[in-house]
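Structure first, then comments.
Residue numbers begin at 1 in each chain, while the letters A, B, ... track the order of the sequences. Quantities reported herein were computed from a predicted structural model and do not represent experimental measurements.
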2 protein chains.
Amino acid sequence: MIKVSITDDHDLFRSGIAMLLEKSNTIEVVHQTASVEELLNKLDESEVDICLLDISMNETNGLEALLLLRKSHPSIRSIVLTMHNEGQYVVQAIRNGAYGYLLKDCGPEELTEAIEQVFNGKKYFNKDVSHLMIEAVNIESNTQKISKREKEVLKLVAQGLTTKEIADQLFVSKRTIETHRSNILKKLDVQNTAELITKATQLGLL
Amino acid sequence: MIKVSITDDHDLFRSGIAMLLEKSNTIEVVHQTASVEELLNKLDESEVDICLLDISMNETNGLEALLLLRKSHPSIRSIVLTMHNEGQYVVQAIRNGAYGYLLKDCGPEELTEAIEQVFNGKKYFNKDVSHLMIEAVNIESNTQKISKREKEVLKLVAQGLTTKEIADQLFVSKRTIETHRSNILKKLDVQNTAELITKATQLGLL
DNA sequence: GGAATTATCCGTATTTATACTGAGTTTAAT
DNA sequence: ATTAAACTCAGTATAAATACGGATAATTCC
């Protein structure tokens, strides 16, 4: 029996998946939790082979959970199970040590297939997910250019603060912020603030 | 037996819910479909009391489906079952004739409860959903203020066009666009372009 | 240790955006 | 037919953003 845990803040989804998996005679749902914190507690009580993780959750999200799990329970293999079909998430999931990435619109068969594959030491990423990764490369080449400081400035700009207000808040001169803004515009290849905010939103920088 | 149909493009979720509901001895899942089009076809074959509808789907979304169902099958009562916890959707769902609105993070008990309530002629909206509606009123009072022309200008602003470029494109004077911009800023109660784009994005105006 | 990047700072000039006020014309609604 | 709203245009003035160009510590990377 493959011991599986499910972590997803959508109770209905979690319960449904559990019901589905319990039909299988090779898979056993050891426990299901609504948050990563809860998961980490339960892991000490009972053994688990594979964790199914959602990405969007209230406190710790699934991508962060991957890192935590890898440190605290290296033998556990995690599969990300999410509705996010954006390449950035896939890439980050792989970096953080995911053994699989599944979209919620896949079928029950694919889920059990993935669990078995991962249990047998393979990794599982289907075609759709692979396509997503290609897009992600382009996006990353843009977003990674933006430094921490620039991101900080960017967020304040998005909030409607003027250059001077940002300068005061960050305890630097107005000139510095102007340079930052200028550099951000160049890096994202946009002409002005309006386009900047639009693009930054699309790239998930805000 | 209450005859229920499930429409959601997430196969896993759909299958899971079906499993959950089939445990009940008062509810019968007549069929499950991945799209509204598919649902409408199947409705001619077999009778249904209650439709569970997701909102975000590829072609026709759940909110549009409410209207279609009300016309073609007035006796069917629909419950929206979604992860969207934004008030706008709740309001629109009610307008379009939904008998209930449930978030996917509710428990299995609440789902069966809602189905039974709606079957007995009541409407079902839980506390969380009610709260969402209050926000929605504010948002609507903001977004509805924006005229067609202003929305047009707003979109061009978001694309990074300057006032002059927008003026040229719309064949009006620079002054006119300046007035539009000024009015939009006032209506959305923001101070500058950056904040404008941020807020407009949040309000779904772009 | 050296190279590259980043964060910080500054001046000058030009372009854009915004504030304030006012007003004529079209369009829609009652 | 009157009102209200939306769309159009304008003058004046200030504030802000952007384009140039140049410079010095600190940090990170190789």
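B:E178 meets the side-chain hydrogen bond (donor to acceptor under 3.5 Å, both in side chains) test with no other residue; sequence neighbours excluded. Evaluation of the side chain to side chain contact (heavy atoms under 4.5 Å, CB included) rule for A:E195 yields A:V190, A:Q191, A:N192 as partners, not counting sequence neighbours. Residues satisfying the side chain to side chain contact (heavy atoms under 4.5 Å, CB included) criterion with A:A200, sequence neighbours excluded, are A:L154, A:L205, A:L206. For B:S75, there are no side chain to side chain contact (heavy atoms under 4.5 Å, CB included) partners at least two apart in sequence or on another chain. Scanning for side chain to side chain contact (heavy atoms under 4.5 Å, CB included) contacts around A:L156 gives A:Q159, A:L161, A:I166, A:Q169, A:L170, with sequence neighbours left out.
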Could you run down the sub-3.5 Å N/O contacts of the protein with nucleotides 25-30 of chain C?
none

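Between the CD1 atom of B:I184 and the C1' atom of D:dT8 there is a distance of 14 Å, given to the nearest Å. Rounded to whole Å, the distance from CG on A:N183 to P on D:dG21 is 14 Å. Between the CD1 atom of B:I146 and the P atom of D:dC7 there is a distance of 10 Å, given to the nearest Å. Atom pair A:R149:CZ and D:dT27:C1' shows a separation of 14 Å (rounding to whole Å applied). As a whole-Å value, the separation of B:K186 NZ from C:dA17 P is 17 Å. Atoms CD (B:E152) and P (D:dC7) sit 9 Å apart, rounded to a whole Å.
Sorted by first and then second residue, the salt bridge (charged side-chain N to carboxylate O under 4.0 Å, His left out) pairs with a member in residues 153-171 of chain A read A:K164-A:D168; sequence neighbours excluded. Among residue pairs with one or both ends in residues 32-86 of chain B, those qualifying as ring-ring contact (aromatic ring centres under 6.0 Å, His included) are B:H84-B:Y89; sequence neighbours excluded. The salt bridge (charged side-chain N to carboxylate O under 4.0 Å, His left out) analysis of residues 41-65 of chain B, with sequence neighbours excluded, yields the pairs B:D54-B:K104.
Under a 4.0 Å N-O distance rule, the pair A:E150/A:K187 qualifies as a salt bridge.
Counting only heavy atoms from C-beta on, A:L185 has its side chain closest to D:dT18 among C:dA7, D:dA6, D:dT18.
Residue-level contact check: B:N192 touches the backbone only, with heavy atoms under 4.0 Å from sugar-phosphate atoms and none from bases.
A:T60 and A:E37 are linked by a side-chain donor-acceptor pair at a separation below 3.5 angstrom, with hydrogens and angles left out of the test.
Residues of residues 154-181 of chain A having a heavy atom closer than 4.0 Å to DNA chain C, listed by number: A:V172, A:S173, A:R175, A:T176, A:T179, A:H180.
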Show every donor-acceptor pair shorter than 3.5 Å between a side-chain atom in residues 109-122 of chain B and any protein atom, with sequence neighbours excluded, or say none if there are none.
residue: B:E110; atom: OE2; partner: B:Y124; partner atom: OH; Å: 3.0
residue: B:E110; atom: OE2; partner: B:N126; partner atom: ND2; Å: 2.9
residue: B:T112; atom: OG1; partner: B:P108; partner atom: O; Å: 3.4
residue: B:T112; atom: OG1; partner: B:E109; partner atom: O; Å: 2.8
residue: B:E113; atom: OE2; partner: B:Q117; partner atom: NE2; Å: 2.8
residue: B:E116; atom: OE2; partner: B:T26; partner atom: OG1; Å: 3.3
residue: B:N120; atom: ND2; partner: B:E116; partner atom: O; Å: 3.1

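Each end of the helix from C:dG1-D:dC30 to C:dT30-D:dA1 gets its own axis, taken as the rotation carrying the C1' atoms of four end pairs onto the next four within a five-pair window, and the two axes meet at 80° to the nearest 10 degrees.
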